[in-house]
Student: 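Okay, handing you the structure first.
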2 protein chains.
Amino acid sequence: MVKLAHEHTNEDCLKLVTIFQSLPEKDLKRVSEIVSEHHFRGGEFLYHAGDSADTLMIVAHGQAKVYQIAANGKEQMIRILQTGDFDGEAALFENNDRNSFAQALMDTDVCMISRTDFQQLMTDSPKLAVNMVNAFGQRITQLEQQNTEVTTSSVESRLASYLLETSAGLNDERFTLPLKKKDIATYLGTTPETISRKLTKMSDDNLLENKGLKVKILDSDGLSMLV
Amino acid sequence: MVKLAHEHTNEDCLKLVTIFQSLPEKDLKRVSEIVSEHHFRGGEFLYHAGDSADTLMIVAHGQAKVYQIAANGKEQMIRILQTGDFDGEAALFENNDRNSFAQALMDTDVCMISRTDFQQLMTDSPKLAVNMVNAFGQRITQLEQQNTEVTTSSVESRLASYLLETSAGLNDERFTLPLKKKDIATYLGTTPETISRKLTKMSDDNLLENKGLKVKILDSDGLSMLV
DNA sequence: TAGTTTTCTTGACCTAGGTCAATTTAAAAC
DNA sequence: GTTTTAAATTGACCTAGGTCAAGAAAACTA
């Protein structure tokens with residue numbers, strides 16, 4: 001009965017995503033009518049740079065990475081879409097092309113809404129529009145913060161804070177890193193080699209135990225000191 | 001009759017800001033009713049980190065810088081608010097405190113709208129809400145781009161692109177840098193010393209002439225090559 | 001289970017650019 | 001004007017972390 005989960009995806013989109021929360025019943029109904037569901041296997045692309053950006057994408061189950069390729073060919077991770085996250089900023093205005101890639105990191109269900117449908121919906125549902133503004137506002141705040149961190153603090157500090165956040169998010173001081181080192185590296189604006197080295201160092205300093213992608217935080221206070 | 005300019009500020013806010021463009025007449029009227037006008041002298045703060053963020057601020061005339069202080073005490077410029085720009089993301093949702101500083105760089109007129117007024121207005125004016133989503137979407141795209149640049153390209157490259165943008169914005173290959181080197185430095189995630197050195201180098205390479213804050217671009221193609 | 005491919009680790013090396021300090025220049029105040 | 005204060009430049013130095021290369025260890029695949 002694996003299929004069952006998928007049959008509920010539409011509903012999940014509505015439940016999972018904060019922008020759809022506390023919408024009046026009639027708006028929710030309209031949302032469910034214009035949502036279409038898609039499935040991606042791990043490694044498949046939700047979109048490529050250059051595609052026209054005309055669809056709002058909501059991750060109902062799974063995980064996808066969004067990244068850009070810089071002028072010099074380097075890959076830069078922009079964000080990881082988790083269950084409930086949506087990718088919209090570029091999709092919802094004007095006739096822009098995508099300037100990033102989105103790739104599923106595992107089997108992933110995505111709910112999609114076309115730009116025109118969504119814009120119409122926003123016009124009709126003030127509450128939804130306000131929710132969108134809030135969601136975008138938070139994302140902007142977060143991006144500004146990230147920008148500040150990346151230019152003012154060391155790789156060690158950023159890695160420490162990444163580990164603490166990941167641990168907190170999973171609610172366990174013992175966890176497996178959710179991304180390959182290469183991906184963590186481009187996310188933190190560094191290289192896999194440096195990640196390896198810094199983890200070894202932290203391990204030497206008894207801040208954590210580390211084997212491959214497995215991490216056990218031993219001294220979270222010590223890690224916080226690095227941030 | 002200097003005061004005259006100020007008496008028109010309310011109106012200016014409505015005209016200048018893209019989010020208020022193409023709003024129905026009745027919405028515009030309401031906006032003008034809830035806007036209040038404030039004047040800041042160069043150096044004065046529009047707000048400090050820690051202040052409660054409950055006001056949307058629109059720059060009607062002048063220029064202000066928005067910056068954060070990182071954990072290690074370093075200053076990081078987030079953005080320069082030009083005439084017509086507004087600072088809103090943090091102000092418009094929840095009971096957040098400001099996490100940044102905004103300081104006028106010259107005499108500056110600011111139109112302010114309280115959060116509650118603005119949220120009410122958004123609920124009543126779907127068009128305004130859609131405009132906000134668009135504005136925020138563009139800002140997100142830009143921040144993501146900036147993030148990618150700062151982590152993947154060299155200071156030289158970022159400076160070159162900053163110079164080209166500034167020149168293009170002013171529509172003149174001969175211009176005075178609109179910010180102190182220190183500010184440009186924190187904006188580009190570097191130091192004043194490095195800016196000085198890179199400019200000297202570019203000057204040696206006959207890409208530009210430079211004296212203090214005065215710049216004349218001699219070879220914009222050459223500069224583009226550095227990006 | 002062996003073979004293939006991808007990811008991770010470690011060492012050796014190097015350089016962009018940060019830091020600190022001393023002048024010079026420019027801007028503000030008096 | 002002269003004095004004070006802030007900003008910009010330049011030199012000397014140093015280090016975080018990037019690059020390249022070679023093994024080791026996982027992760028797939030057939």
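Only this structure's heavy atoms are used, side chains among them; waters, hydrogens and symmetry mates stay out. We name chains A, B, ... by the order of the sequence lines, and we start the count at 1 in each one.
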Student: From C-beta outward on B/Thr194, which listed nucleotide comes closest to its side chain: C/dG17, D/dA8, D/dG17?
Tutor: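 So the nucleotide nearest the side chain must be C/dG17.
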Student: Provide, to the nearest angstrom, the distance between the CD1 atom belonging to B/Ile195 and the C1' atom belonging to D/dA8.
Tutor: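 Interatomic distance, CD1 of B/Ile195 to C1' of D/dA8: 12 Å.
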Student: Can you measure A/Gln76 atom CD to D/dG18 atom P for me and round it to whole angstrom units?
Tutor: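 It works out to 12 Å between those atoms.
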Student: Is any side-chain heavy atom of A/Thr108 closer than 4.5 Å to a side-chain heavy atom of A/His39?
Tutor: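 No. Closest side-chain heavy atoms not under 4.5 Å.
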Student: As a test of reading the structure: which of C/dT19, D/dT19, D/dT9 is closest to the side chain of B/Lys181, going by heavy atoms?
Tutor: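 Looking only at heavy atoms from C-beta outward on B/Lys181, the closest nucleotide is D/dT9.
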Student: For the side chain of A/Arg197, counting heavy atoms from C-beta on, which of D/dT10, D/dT19, C/dC8 is nearest?
Tutor: D/dT19
Student: Any Lys/Arg nitrogen of B/Glu156 or B/Arg197 sitting under 4.0 Å from an Asp/Glu carboxylate oxygen of the other?
Tutor: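 Answer for the salt bridge query: no.
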Student: Taking for each residue the nucleotide of DNA chain D with the nearest heavy atom, is it A/Leu213 or A/Arg158 whose nucleotide lies nearer the 5' end?
Tutor: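 Closer to the 5' end of DNA chain D: A/Arg158.
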Student: How many Å lie between NZ on B/Lys198 and C1' on C/dG17, as a whole number?
Tutor: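 Rounded to whole Å, this separation is 7 Å.
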Student: Among A/Leu105, A/Ile78, A/Leu46, which residue satisfies the side-chain contact (heavy atoms from CB on, under 4.5 Å) criterion with A/Lys65?
Tutor: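 Only match with A/Lys65 under side-chain contact (heavy atoms from CB on, under 4.5 Å): A/Leu105.
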Student: Looking at B/Thr190, does any N or O in its side chain come under 4.0 Å of the phosphate oxygens OP1/OP2 on C/dG18?
Tutor: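 So the side-chain polar atoms of B/Thr190 do come within 4.0 Å of the phosphate oxygens OP1 or OP2 of C/dG18, strictly under.
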Student: Rounded to the nearest 0.5 Å, what's the gap from CD on B/Glu89 to OG on B/Ser100? Could you check?
Tutor: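 These two atoms lie 7.5 Å from each other.
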Student: Roughly, in whole Å, what's the span from CD in B/Glu193 to P in C/dT25?
Tutor: 18 Å
Student: Side chain of B/Ser196, heavy atoms from C-beta onward: which of D/dT10, D/dG17, C/dG17 has the nearest atom to it?
Tutor: D/dT10
Student: Mind calculating the distance between CG (A/Asp183) and C1' (C/dT6) to the nearest angstrom?
Tutor: 13 Å
Student: Counting side-chain heavy atoms from CB outward, which of C/dT7, D/dG18, D/dT10 is closest to B/Thr200?
Tutor: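 It is D/dT10.
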Student: The side chain of B/Lys180 is closest to which nucleotide in this list: D/dA8, C/dG18, C/dT7?
Tutor: D/dA8
Student: Holding to ring pair (Phe, Tyr, Trp, His ring centres under 6.0 Å), I want the full list of residues that pass it with B/Phe20, two or more places apart in sequence or in another chain.
Tutor: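 Expected list: none.
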Student: Distance check: side-chain N/O of B/Thr191 vs OP1/OP2 of C/dG18, anything under 4.0 Å?
Tutor: yes
Student: Given D/dT9, C/dT9, D/dG17, which nucleotide is nearest the side-chain atoms of B/Asn210?
Tutor: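 Taking heavy atoms from C-beta onward, the closest nucleotide is D/dT9.
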Student: What integer distance in Å separates A/Leu179:CG from D/dA27:C1'?
Tutor: 17 Å
Student: Taking the side chain of B/Val155 as heavy atoms from C-beta outward, which of C/dC8, C/dG17, D/dA8 is closest to it?
Tutor: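 So the side chain of B/Val155 is nearest to C/dG17.
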Student: Over all strands shown, is A/Lys214 touching base, sugar-phosphate only, or nothing at heavy-atom distances under 4.0 angstrom?
Tutor: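 Touches nothing.
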